[in-house]
**Q** 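Here you go, one structure.
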Amino acid sequence: MDFQRAQRLQLLPPYLFKEIDRLRDQVRQKGVDIIDLGVGDPDQPTPGHIIDALAAAAADPATHKYPAYSGMSRFREVTAAWYQRRFGVKADPEKEVITLIGSKEGIAHFPLAYINPGDLALVPSPAYPVYHSSVLIAGGTPVEMPLTRENGFLPDLEAIDPAVADKAKLMVINYPNNPTSAVADREFYERVVAFARRHQLIVVSDAAYTEMAYDGFKPPSFLEVEGAMEVGIEFHSLSKTYNMTGWRLGMAVGNAELIGGLGQVKSQIDSGAFDAVQMAGIAALQGDQQCVADMNAMYQQRRDVLVAGLAKLGLEVPKPRATFYVWCPCPDGYTSADFTMRLLSQAGIVTTPGSGFGQAGEGYVRFALTVDQERLREAVQRLAGLGF
Ligand SMILES: *Cc1c(COP(=O)(O)O)cnc(C)c1O
């Protein structure tokens, strides 16, 4: 039998991190001691009080039935209260909040609700690959907004062709940013709202990293600024904040029509997140936030070790103010792929090539701070041994 995959899949590159895992495993099989700074997956366990909440909830037969499509009312109320507390954003838990099976799920499904075949969508490059691929799966055409060092890795809104902006149905922004670790301020978000109004487009904000920040910095939410609720939807997640990537729990907050459109798609495809996981999410959002502060203190130390080590090798990187990524320019004469391959094959260090996040990421590699300080020091030593 010759099973031809659908054209929509033929448009997509292999999922970046699946490919990197494959290469890592190949080198590991040769007996190399791998230091994995590849995928952005926290290395620490989920805090105990969250695990306890899951265990108790899972023992209650009330959680064993199909969940509500939009999520448990209580989880949505707690999410709305958290947005109010953390960002001063008011959201109606019934109409302006929806539970997701991880934010990737929501981000990936969202274009199915608003993109018709041929529609344009403004997406950043370099970027989390899902923005691009979900637009393609919906039959739309992604138009890349390059994020460059000169612009602080913020899209240059003035540089977008107004005719393209008028045709575009949506724009994706992601701050604090993966992979560049750049942050946005309220002034940028105000300009995004004005741009969205001028060109009549939807703003999709991915805010997965607002809680992972250093030196006392508190990243804002897009929804904080005047008018954002009229034009946008923001995706958030418990994955990075509470070391819950495996649990699959996220949420979207925003304009009621946009939440409703996403909910309509989801009701046809999935049946919601396990209620016991949502109960654990309630414990996470309502509980003591010391665990988040402790985690950030740990990442901040790791950041300092890696950034100082790279600087000694002549690789100058500003200290990230948020996220657990270090976005590092390649040494002279290396492409992203060359440098990544050399780090893997000669130093046993897994990184992600910047070019894997899109054309504009060429010339960089991304280090994820997902190993302890001692291992990071070892990584820096191995790098020094390479000599470039
Ligand atoms: C990790 C990450 C997410 C979160 O994904 P979940 O599906 O919630 O685990 C979303 N956006 C970006 C940019 C990320 O790096």
Side-chain angles (χ1 to χ4, degrees), residues 15-18 20-21 37-44 46 50 71 75 79 82 97-111 123-135 142 145 147 153-155 171-184 203-213 219 221-222 233-254 262 266 269-270 272-274 277-278 280-281 284-285 292 295 299 320 322-327 351-352 354 356-358 360-361 366-370:
Y15 195 66
L16 178 61
F17 296 103
K18 223 178 138 187
I20 289 167
D21 284 356
L37 310 177
V39 183
D41 195 350
D43 57 309
Q44 298 294 305
T46 308
I50 302 173
F75 178 75
T79 294
W82 182 78
V97 181
I98 188 169
T99 304
L100 303 171
I101 311 170
S103 62
K104 181 180 183 183
E105 176 266 299
I107 294 165
H109 280 144
F110 186 75
V123 298
S125 169
Y128 187 54
V130 182
Y131 313 141
H132 197 266
S133 56
S134 61
V135 168
M145 304 183 290
L147 308 183
F153 301 107
L154 299 171
M171 163 189 271
V172 181
I173 53 175
N174 163 225
Y175 295 97
N177 183 256
N178 174 11
T180 69
S181 78
V183 298
V203 177
V204 174
S205 167
D206 178 357
Y209 293 97
T210 61
E211 305 317 292
M212 198 186 262
S221 155
F222 169 68
I233 180 169
E234 183 159 274
F235 290 89
H236 217 300
S237 169
L238 281 79
S239 287
K240 310 293 162 53
T241 313
Y242 303 103
N243 303 331
M244 290 173 71
T245 49
W247 297 51
R248 312 312 306 133
L249 186 62
M251 57 279 210
V253 179
L262 175 59
K266 281 174 57 57
I269 294 180
D270 66 66
F274 182 20
V277 168
Q278 294 186 70
L285 292 173
V292 180
M295 211 62 62
Y299 289 128
T323 78
F324 57 171
Y325 302 116
V326 172
W327 184 241
T351 57
T352 310
F357 296 101
R366 190 193 74 176
F367 293 88
L369 300 168
T370 48

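In each ligand, atom 1 is the first atom listed, and ligand 1 is the first ligand listed. What's counted below: heavy atoms across the whole structure, side chains too, no hydrogens, waters or symmetry copies.
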**Q** Please work out whether any backbone atom (N, CA, C, O) or any side-chain heavy atom from C-beta onward of Y131 is under 4.0 Å from ligand 1, and answer side chain, backbone, both or neither.
**A**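 Side chain only; the backbone of Y131 stays clear of ligand 1.
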**Q** Classify the contact between S103 and ligand 1 as side chain, backbone, both or neither, using a heavy-atom distance cut-off of under 4.0 Å.
**A**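 Both of them.
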**Q** Could you tell me which residues satisfy side chain to side chain contact (heavy atoms under 4.5 Å, CB included) with D21, sequence neighbours excluded, listed by chain and number?
**A**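 By the side chain to side chain contact (heavy atoms under 4.5 Å, CB included) rule, D21 matches R24, V39.
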**Q** Considering non-hydrogen atoms only, spot the tightest contact between V183 and Y175 and give its length.
**A**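 Between these two residues, the closest heavy atoms are C-CD2, 4.0 Å.
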**Q** For ligand 1, indicate whether the residue F235 contacts it via side chain, backbone, both or neither (heavy-atom separation under 4.0 Å).
**A**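 Near ligand 1, F235 shows nothing, with every heavy atom at 4.0 Å or more.
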**Q** Can you tell me how the ring of F235 sits relative to the ring of F110, calling it parallel under 30°, perpendicular over 60° and tilted otherwise?
**A**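 Rings of F235 and F110: perpendicular, over 60°.
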**Q** Return the closest protein heavy atom for atom 3 (C) of ligand 1 as residue, atom name and distance.
**A**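 Protein heavy atom at minimum distance: K240 NZ, 3.5 Å.
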**Q** Tell me the protein heavy atom at minimum distance from atom 9 (O) of ligand 1, and give that distance in Å.
**A**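 Checked against all protein heavy atoms, atom 9 (O) of ligand 1 sits closest to S239 OG, 2.6 Å.
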**Q** Which residue and atom name correspond to the protein heavy atom nearest atom 7 (O) of ligand 1, and how close is it?
**A**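 Nearest neighbour among protein heavy atoms for atom 7 (O) of ligand 1, to 0.1 Å: R248 NH2, 2.6 Å.
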**Q** Could you tell me whether some N/O pair between N174 and ligand 1 is separated by less than 3.5 angstrom?
**A**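 No, N174 has no N/O under 3.5 Å of an N/O on ligand 1.
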**Q** Give the intermediate values and the outcome of side-chain contact (heavy atoms from CB on, under 4.5 Å) for residues H236 and T210.
**A** CA-CA 9 Å; H236 217 300; T210 61; 2.7 Å; yes
**Q** Looking only at protein heavy atoms, which one is nearest to atom 12 (C) of ligand 1, and how far off is it?
**A**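 Of the protein heavy atoms, D206 OD2, 3.3 Å lies nearest.
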**Q** Could you tell me if any non-hydrogen atom of T245 lies under 4.0 Å from any atom of ligand 1?
**A**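 No, that is not the case, since the closest heavy atom of the residue is not under 4.0 Å from the ligand.
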